[in-house]
There are 2 protein chains.
Amino acid sequence: MAQPKRQRTRRTGRHEIYVTLRQMVLTLQLPPGAALSENELAASLGVSRTPVRESLILLAQEGLVQVFPQIGSFVSRVDPAQVSDAQFLREAVELAALDDLPPELDDAVLQELRDNLERQQREGLGIEEFFELDEAFHQGLMRLSGHANAWTTVAAAKGHLDRARRLGLYENVSPAVFADQHREIFDAVVGGDVTLARTAMRTHLRAVFSDIERIRAHSPELFATDPSAVPVRRNVVVWE
Amino acid sequence: MAQPKRQRTRRTGRHEIYVTLRQMVLTLQLPPGAALSENELAASLGVSRTPVRESLILLAQEGLVQVFPQIGSFVSRVDPAQVSDAQFLREAVELAALDDLPPELDDAVLQELRDNLERQQREGLGIEEFFELDEAFHQGLMRLSGHANAWTTVAAAKGHLDRARRLGLYENVSPAVFADQHREIFDAVVGGDVTLARTAMRTHLRAVFSDIERIRAHSPELFATDPSAVPVRRNVVVWE
DNA sequence: CGACAAGTGCTTGCATACAAGCACTGGCCG
DNA sequence: CGGCCAGTGCTTGTATGCAAGCACTTGTCG
């Protein structure tokens, strides 16, 4: 299908850089606590400081990086308080969406969700692949209730939660449990049992959440300890 | 009390500009659809384009302004879809917070809310004053449930809703009704009747929301009509 | 040996110059 | 008279230079 290339909003280099950096932070390729440098990033990406800097400012507003003037920029450590906030937020929104399902569910979305669930149960699924399916599943449920846009707001605010979830997946490689919970939710939705759907959803979301404390004990250096952050400039020493 | 001026994060000029512009957009001093110009704003604020531009980028990410490369920057028109999304979001979060109230409520916050309610009922209250009290009241309820931070996320996402609410206040100057609803919610919370509190809260939030269609009929030029925006460069003609 | 102070190299914040592109204007030509 | 087309002035995007400041190193002096 010949997509009209004429975007109403032109693609800028900044947007591409922003998306790239954001993905690297969320997938932990840029681990929590890592020192960033506008100059280094600009050089490695082959652009000037300007678009890199503007991207960092956006990521800072999302809470994914912290910028300390005259000191440096750092990937935020996972903040348990922010994880908890995002958990509360997503639970409130997803449960409210279940209450708001229309009588007639969109067939196209339902079929998409069925395909998604089937793929989740395939063997040998990579962590990133499962994560993607997981996100698509929850987003699909929000679309069923007609609140897809509200979900994008939640998605933007749950960066800390997502990083913690990824850490959980890398620790405990058993997405099968989550896949089963997804199916349980879906069946309740299709069956029209809102109460059961709510219960299943709440159980599912809290199961994901409960892993975090265990992970924190295992990898404390990835988590923030004190609200008064500890910015540390990395050593100036250079291998040569 | 001698506040330690030594902020951990130094205040930058950009932050000040960002707060200023954001306030001007939310209070409709910069009306929906208004054309902005990085150069003009920079000149009028006495700084260079850089901090202004970075502020506009942040506001664009919040959806309060739209930036069209090589065309111009504009204050977003109020988007009914985004208003509806924010309404759904805040209702979900505030109701969930009521479900999550602790057994023992914080006395300091309770007293603050009582003072707030009393001030709401004073005669001759300006619209902006009432709006501020309104915001503080809802934020106070969120603090009671221990989810103040989740509220900041909602607050950041509800810019379109707030502008619509302000339009409603300017149209229909009767904040007394809202003040009474606030007291009803508060009394139910203090009385420990979560069910009643939820009902009162839902009624209150939807009352605010229901005004919007009327306002839209009255001032359609402030609302967005088509998702495919209509960026129009303002005339180059200059009075002289 | 210990402590203090200047030096060095990095950091981000801000200012500014240039590049690419859109929209309107006004003149030219059929 | 109508339509095309270069010209002009604005827009935002990007690159770059400089300023202010922090942290570490190193030399100096007691």
Side-chain angles (χ1 to χ4, degrees), chain A residues 5-21 33-61 65-76 229-240, chain B residues 5-21 33-61 65-76 229-240:
Chain A
K5 283 213 166 75
R6 194 73 193 82
Q7 283 281 359
R8 202 59 191 136
T9 63
R10 295 178 55 80
R11 273 276 176 273
T12 74
R14 178 186 74 235
H15 185 261
E16 196 175 346
I17 292 171
Y18 165 73
V19 171
T20 302
L21 288 179
L36 303 176
S37 161
E38 296 179 358
N39 282 315
E40 286 181 14
L41 289 175
S44 79
L45 293 174
V47 294
S48 83
R49 272 183 61 203
T50 306
V52 171
R53 171 180 172 76
E54 292 172 349
S55 297
L56 288 182
I57 290 173
L58 287 174
L59 293 172
Q61 176 160 282
V65 313
Q66 289 173 292
V67 177
F68 301 94
Q70 279 72 42
I71 296 182
S73 304
F74 306 85
V75 179
S76 319
V230 270
V232 180
R233 171 105 59 99
R234 69 185 178 294
N235 249 338
V236 198
V237 187
V238 179
W239 289 98
E240 209 150 358
Chain B
K5 284 214 167 70
R6 194 73 192 87
Q7 283 280 0
R8 201 56 191 136
T9 63
R10 294 179 56 80
R11 272 276 177 272
T12 73
R14 177 184 72 236
H15 184 261
E16 196 175 345
I17 293 171
Y18 165 72
V19 171
T20 301
L21 288 179
L36 304 176
S37 162
E38 297 179 358
N39 282 315
E40 286 182 15
L41 290 174
S44 79
L45 294 172
V47 295
S48 82
R49 270 184 62 202
T50 307
V52 172
R53 171 180 172 76
E54 291 171 350
S55 297
L56 287 183
I57 290 173
L58 288 174
L59 293 172
Q61 178 165 272
V65 313
Q66 290 175 291
V67 178
F68 300 93
Q70 279 72 44
I71 296 182
S73 302
F74 306 85
V75 179
S76 320
V230 272
V232 180
R233 170 105 56 101
R234 69 184 177 294
N235 249 339
V236 198
V237 186
V238 179
W239 290 96
E240 209 150 359

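Sequence lines set the chain letters: A, B, ... in the order given, protein chains first and strands last, and positions in each chain run from 1.
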If I take atom CD in residue A/E16 and atom P in nucleotide D/dG13, what distance separates them, rounded to the nearest angstrom? 15 Å

Would you kindly compare B/T50 and B/E38 by the position of their nearest DNA chain D nucleotide and give the one closer to the 5′ end? B/E38

Of D/dT11, D/dG13, C/dG13, the nucleotide closest to the side chain of B/P69 is D/dG13

Looking at D/dT11, D/dA15, D/dG13, which one has an atom nearest to any side-chain atom of B/E40? D/dT11

Atom CZ of A/F68 to atom C1' of D/dA20: distance rounded to whole Å? 18 Å

Min side-chain heavy-atom separation A/V19-A/H15 under 4.5 Å: yes

Qualifying residue, where the test is side chain to side chain contact (heavy atoms under 4.5 Å, CB included) with B/L56 and the options are B/E38, B/Q61, B/R49, B/Q66: B/E38

Distance in angstrom units between B/I71 CD1 and D/dT11 P, rounded: 13 Å

Considering only heavy atoms from C-beta outward, does the side chain of A/F74 approach that of A/L36 to under 4.5 Å? no

Map B/E54 and B/R49 onto DNA chain C by nearest heavy atom, then report which one ends up closer to the 5' terminus. B/E54

Output the distance between atom CD (A/E16) and atom CG (A/L21), rounded to the nearest 0.5 Å. 11.0 Å

Presence of donor-acceptor pair under 3.5 Å, side chain of A/Q70 and base of C/dT11: no

Distance in angstrom units between B/I57 CD1 and D/dG13 P, rounded: 7 Å

Return the value, rounded to whole Å, for the distance between atom CD1 of A/I17 and atom P of D/dT14. 7 Å

Taking atom types as they are modelled, is there a donor-acceptor pair under 3.5 Å from the base of C/dG13 to the side chain of B/R11? no

For a quick check of understanding: with a heavy-atom distance under 4.0 Å over all strands, which category does B/R14 fall into, base, sugar-phosphate or nothing? sugar-phosphate

In whole Å, I'd like the distance from the CG atom of A/N39 to the P atom of C/dG9. 15 Å

Is there a side-chain contact between B/S73 and the phosphate of D/dT12, meaning an N or O under 4.0 Å from OP1 or OP2? yes

Atom pair distance, as rounded to whole Å: CZ in A/R53 and C1' in D/dC18: 14 Å

Report the distance from atom CG of A/L41 to atom P of D/dA15, rounded to the nearest whole Å. 14 Å

Quick one, A/S55 and A/I17 - any side-chain contact, counting heavy atoms below 4.5 Å? yes

Give a yes/no on whether any side-chain N or O of B/T12 is located under 4.0 angstrom from OP1 or OP2 of C/dG13. no

